[in-house]
Chemist: 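What follows is a structure written as structure tokens; I'll ask about it next.
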Number of protein chains: 2
Amino acid sequence: MSNIFKPYQASADLFKILAHPARLTILSILRDGEQCVCHIEAMLKLRQAYISQHLKVLKDAGIVSVRRDGWNMYYHITCPEVFVVIDTMFALSGHPEPIPHAHSNANCPCPKCHPEAGLPVSRQVIHSSE
Amino acid sequence: MSNIFKPYQASADLFKILAHPARLTILSILRDGEQCVCHIEAMLKLRQAYISQHLKVLKDAGIVSVRRDGWNMYYHITCPEVFVVIDTMFALSGHPEPIPHAHSNANCPCPKCHPEAGLPVSRQVIHSSE
DNA sequence: TGAATATATTCGACATTCCGAATATGATTA
DNA sequence: TAATCATATTCGGAATGTCGAATATATTCA
């Protein structure tokens, strides 16, 4: 492509990665520590494959990495600097400060959130919150 | 779309605007003051219509505004806060500080750069720089 | 080994963006 | 008014992104 664009190509590419609300939401969930896919799934109530696709984009961009633990894949942030960009943009678009990620352990079936951690999610008892 | 994304939609939209090297380059030119389209054209050596298309995107997003002066349209930044985001991203992608925009007046035929300002560009004498 | 589980990949339809070519618009000068 | 000038818009094809459905993979348990 045009040679003039060269210095801004990398920035533009990274902006493109951030230009999707699903990915921004996923990053906000990973922000305060690693989470497995099923946790993200439970939080966002979105299809697993859909989340996996976005996680792949983030991973290919070097923003997150994965660690396997038994059945589960735990994703974590490897480039926390992106949050400086994201927070600035978030403030710019009307939000004074980042939204804290509410870990609603009660409704999340993943082994990290659930008391009976380690059991297959399908065998865990979901505690109704009332 | 999904309700969960709502808080991040505006941020994602703005990221999308910034996710193009041509637009980042144009913004860097406008950074230190308004410029007419033909100045941008001369700096980037790109087709006029192409630049106009990107300027429209930036204008629709509320990042720049236009002022007419005779034949020329002068664009200027109306949302300088975006540079906080851009600079942060630029630093993140390997550049310690923003690239200063070199106004090479000698080669730019626009009325703002040229000594015989006010004449149609086509009638101006381009001073070779040697 | 085979079934169950969490997650990943592939495929395809659809939407959007990119960008060149051609043309239109609106201001200015003769 | 007609020609000229800077800039804008429209159109269309190619490339890319989105996202659902189906399927594949790797791990663990029985």
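First the proteins, then the strands, lettered A, B, ... as listed; each starts at 1.
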Chemist: Just verifying a value: how many Å separate Q35(B) CD and H76(B) NE2, rounded to the nearest 0.5 Å?
Modeler: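 Nearest 0.5 Å value for the CD-NE2 distance: 12.5 Å.
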Chemist: Do the side chains of K112(A) and D69(A) get close enough for a salt bridge, i.e. N-O under 4.0 angstrom?
Modeler: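 Looking at D69(A) together with K112(A), the answer is no, because their closest N to O distance does not fall below 4.0 Å.
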Chemist: Respond yes when some side-chain nitrogen or oxygen of N72(B) is under 4.0 Å from OP1 or OP2 of dC5(D), and no when none is.
Modeler: no
Chemist: Only one of I26(B), T25(B), I17(B) passes side-chain contact (heavy atoms from CB on, under 4.5 Å) with H54(B); say which it is.
Modeler: I26(B)
Chemist: Of all the choices, dC19(C), dA8(D), dC11(C), which nucleotide is nearest to the side chain of Q53(A) once you look at every atom?
Modeler: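 So the side chain of Q53(A) is nearest to dC11(C).
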Chemist: Is Y74(B) touching bases, backbone alone, or none of the nucleic acid, heavy atoms closer than 4.0 Å?
Modeler: nothing
Chemist: Hey, what's the ring geometry for F5(B) with H20(A), parallel, tilted or perpendicular (30° and 60° as the breaks)?
Modeler: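 Geometry flag for H20(A) against F5(B): perpendicular rings.
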Chemist: Rounded to the nearest 0.5 Å, what separation is found between the CD atom of E81(B) and the CE atom of M89(A)?
Modeler: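 Rounded to the nearest 0.5 Å, the CD-CE separation comes out at 11.5 Å.
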Chemist: Give the nucleotide from the list dC19(D), dA21(C), dA8(C) with an atom nearest to the side chain of Y50(A).
Modeler: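 Side chain of Y50(A) sits closest to dC19(D).
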Chemist: If only atom types and distance count, is the side chain of R68(A) paired as donor or acceptor with the main-chain N or O of G70(A) below 3.5 Å?
Modeler: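 Side chain of R68(A) to backbone of G70(A): a pair is present.
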Chemist: Check the distance between dA6(D)'s P and R67(B)'s CZ and give it to me in whole angstrom.
Modeler: 16 Å
Chemist: From CD of E41(A) over to P of dA6(C), roughly how many Å is that when rounded to an integer?
Modeler: 9 Å
Chemist: Membership question, hydrophobic clusters at under 4.5 Å side-chain separation (ILVMFWY): are V84(A) and I77(A) in the same one?
Modeler: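 No.
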Chemist: Do you know the tightest heavy-atom contact between I63(A) and L27(A)?
Modeler: CG2-CD2, 3.8 Å
Chemist: Would you compute the distance between atom CG of L14(B) and atom SG of C79(B) and round it to the nearest 0.5 angstrom?
Modeler: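 Output value for this atom pair is 7.0 Å.
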Chemist: What nucleotide among dT9(D), dC19(D), dT7(C) has an atom nearest to a side-chain atom of H54(A)?
Modeler: dC19(D)
Chemist: Taking the side chain of W71(A) as its heavy atoms from C-beta onward, which of dT7(D), dT28(D), dC19(D) lies nearest to it?
Modeler: dT28(D)
Chemist: Can you name the side-chain contact (heavy atoms from CB on, under 4.5 Å) partners of D32(B), sequence neighbours left out?
Modeler: H101(B), H103(B)
Chemist: Taking atom C1' of dA6(D) as reference, at what distance in whole Å does atom NZ of K112(B) sit?
Modeler: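 K112(B) atom NZ is separated from dA6(D) atom C1' by 16 Å.
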Chemist: Report the distance from atom CE of M73(B) to atom P of dT25(C), rounded to the nearest whole Å.
Modeler: 15 Å
Chemist: Take atom CD1 of I51(A) and atom C1' of dT9(C), then tell me their distance rounded to the nearest Å.
Modeler: 16 Å
Chemist: For DNA chain D, which residues of residues 15-28 of chain B approach it to below 4.0 angstrom with any heavy atom?
Modeler: none
Chemist: Both R47(A) and G70(A) contact DNA chain D. Taking the nearest nucleotide for each, which residue is further toward the 5' end?
Modeler: R47(A)
Chemist: Please give, in whole Å, the distance from dA6(C) P to Q35(A) CD?
Modeler: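 One finds 16 Å between P of dA6(C) and CD of Q35(A), rounded.
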Chemist: Expressed in angstrom and rounded to an integer, what is the separation of D69(B) atom CG from dC5(D) atom P?
Modeler: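 So the two atoms are 18 Å apart, to the nearest Å.
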Chemist: Expressed as a whole number of angstroms, how long is the span from Q48(B):CD to dT9(D):C1'?
Modeler: 10 Å
Chemist: Return the residues of residues 57-64 of chain A meeting this criterion: a heavy atom under 4.0 Å from some atom of DNA chain C. Order them by number, or give none.
Modeler: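 Hits under 4.0 Å, by residue number: none.
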Chemist: Just call it for R68(B): base, sugar-phosphate, or nothing, with non-hydrogen atoms closer than 4.0 Å on any strand.
Modeler: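 It contacts sugar-phosphate atoms only.
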